Amino acid sequence: FEAGSQLESIGQRAFADDSALLELTIPANVTSIGSRLIYNSGVTTIRFLGTRSAWNAIDKADNWNYGNTDVEVICSDDSSTSEPTEPTEPTEPEPTEPEPTSTLVYELNEAQTGYIVTGDNGQSERIVIPSKHNDLPVVQIANDAFAYSVHRSNITYVFIPDSVTEIGRNAFYSRQSDLVTVEIGQNSQLQKIGANAFSGARLLESIYIPASVTEIGDSAFNNCGSLE
């Protein structure tokens with residue numbers, strides 16, 4: 001999680017079955033943690049960027065650390081350890097937005113102020129979502145939009161523009177043997193990652209979660225075995 005993260009809620013099993021994940025940093029703003037957060041993962045250390053009293057005050061499910069009860073939690077004011085610090089802001093220039101996938105399907109949101117991507121008629125291997133469609137911002141990826149049950153062809157690369165504020169439930173669910181790269185812009189306005197959004201993406205090695213994210217749904221990154 002990047003410096004200044006606004007994340008408040010982490011759902012159940014959000015990082016379960018991620019065997020390559022050894023250390024998890026939790027921002028100071030988090031107020032609730034769901035059950036089995038790191039079940040069957042490689043996590044041995046949690047670094048909480050707030051104080052010990054703030055950690056104790058978090059609304060944690062009774063079995064939040066089920067399967068990893070020996071995990072070490074290090075808080076910012078723990079005198080016995082070096083104080084965890086938030087990572088510095090990235091200095092690399094933001095990459096240019098690539099050419100959008102031409103076969104994406106859109107629908108207007110209820111307020112008719114922006115578009116929702118609902119899928120891809122072309123079954124493309126590279127999914128590049130544009131920041132605008134018909135002169136309106138693209139603000140959401142729909143539930144199940146690119147889940148394997150809907151998009152049977154391989155998806156190896158996904159680009160999510162800064163304009164997207166929500167990734168829907170099951171949006172990239174069960175991409176077990178294909179999804180390797182998800183690119184999210186440094187100026188992303190993303191606020192919500194829905195339940196099971198990337199669950200089962202076993203080849204996904206990393207993903208940038210911007211500071212604007214306030215909610216990560218249940219099992220959002222469950223069984224992402226290569227995630228570090």
Side-chain angles (χ1 to χ4, degrees), residues 1-2 5 7 10-27 34 36-46 67-68 87 90 92 94-95 97-98 101 104 117 119-120 123-129 140-162 164-186 188 190-213 215-228:
F1 297 96
E2 72 162 345
S5 173
L7 184 66
I10 305 177
Q12 63 183 1
R13 298 182 63 93
F15 298 97
D17 301 309
D18 296 342
S19 57
L21 185 64
L22 303 180
E23 182 174 304
L24 180 64
T25 299
I26 296 180
R36 303 192 182 204
L37 175 71
I38 51 175
Y39 174 68
N40 201 30
S41 74
V43 174
T44 58
T45 303
I46 290 177
N68 297 65
E92 298 84 359
E94 185 179 354
E97 188 171 309
T101 304
L104 294 177
V117 177
D120 172 39
Q123 298 288 296
S124 306
E125 184 173 340
R126 286 172 56 88
I127 300 296
V128 177
I129 299 171
Q140 185 178 341
I141 301 173
N143 297 343
D144 305 297
F146 302 101
Y148 182 73
S149 60
V150 175
H151 190 112
R152 289 286 184 171
S153 299
N154 284 353
I155 297 176
T156 59
Y157 172 86
V158 173
F159 177 85
I160 300 175
D162 294 344
V164 169
T165 60
E166 181 177 346
I167 299 173
R169 184 184 68 250
N170 301 328
F172 298 94
Y173 177 68
S174 198
R175 309 289 342 168
Q176 296 186 20
S177 59
D178 52 7
L179 184 57
V180 176
T181 303
V182 175
E183 188 173 338
I184 297 176
Q186 299 291 334
S188 174
L190 186 64
Q191 297 174 14
K192 180 180 179 180
I193 301 174
N196 295 305
F198 296 95
S199 181
R202 295 177 180 174
L203 300 184
L204 183 63
E205 296 179 350
S206 65
I207 186 168
Y208 169 69
I209 299 179
S212 54
V213 171
E215 181 180 345
I216 296 176
D218 295 347
S219 302
F221 299 100
N222 179 36
N223 203 18
C224 293
S226 299
L227 195 63
E228 298 180 355

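In this text the structure is predicted, and so the values were computed from the model without any measurement.
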Inset, instruction - Give the C-alpha distance, both sets of side-chain angles, the deciding distance and a yes or no for side-chain contact (heavy atoms from CB on, under 4.5 Å) between Thr101 and Phe159. - result: CA-CA 10 Å; Thr101 304; Phe159 177 85; over 6 Å; no
Inset, instruction - Using the test side-chain contact (heavy atoms from CB on, under 4.5 Å), find all partners of Asn223 that sit at least two apart in sequence or belong to another chain. - result: Asp17, Arg202
Restricting to non-hydrogen atoms, name the atom on [X] and the atom on [Y] that form the minimum distance, rounded to 0.1 Å.
| X | Y | result |
| --- | --- | --- |
| Arg175 | Phe146 | NH1-O, 3.0 Å |
| Gly225 | Ser19 | O-OG, 3.5 Å |
| Ser5 | Val213 | OG-O, 4.3 Å |
| Ala220 | Gly194 | CB-O, 3.8 Å |
| Ser212 | Ser188 | OG-O, 3.3 Å |
| Ser199 | Ser219 | CB-O, 3.4 Å |

Inset, instruction - Let me see the working for Val43 and Asp18 under side-chain contact (heavy atoms from CB on, under 4.5 Å), right down to the final yes or no. - result: CA-CA 8 Å; Val43 174; Asp18 296 342; over 6 Å; no
Legend entry - Residues Leu21, Leu227; criterion side-chain contact (heavy atoms from CB on, under 4.5 Å); working and verdict: CA-CA 6 Å; Leu21 185 64; Leu227 195 63; 5.5 Å; no
Legend entry - Partner of Phe198 under side chain to side chain contact (heavy atoms under 4.5 Å, CB included), chosen from Val182, Asn170, Val158: Val182
Inset, instruction - Go through the structure and list residues passing ring pair (Phe, Tyr, Trp, His ring centres under 6.0 Å) with Tyr39, not counting sequence neighbours. - result: Tyr66
Legend entry - By ring pair (Phe, Tyr, Trp, His ring centres under 6.0 Å) - contacts of Phe15 (at least two apart): Phe221
Inset, instruction - Could you please spell out the steps behind the side-chain hydrogen bond (donor to acceptor under 3.5 Å, both in side chains) verdict for Asn154 and Glu125? - result: CA-CA 5 Å; Asn154 284 353; Glu125 184 173 340; 5.9 Å; no
Inset, instruction - List the steps and the verdict of side-chain contact (heavy atoms from CB on, under 4.5 Å) for Ser41 and Asn68. - result: CA-CA 8 Å; Ser41 74; Asn68 297 65; 3.9 Å; yes
Legend entry - Minimum side-chain heavy-atom gap Ile155-Asp120 below 4.5 Å: no
Legend entry - Within 6.0 angstrom of Tyr173 OH, more than 12 heavy atoms from elsewhere: no
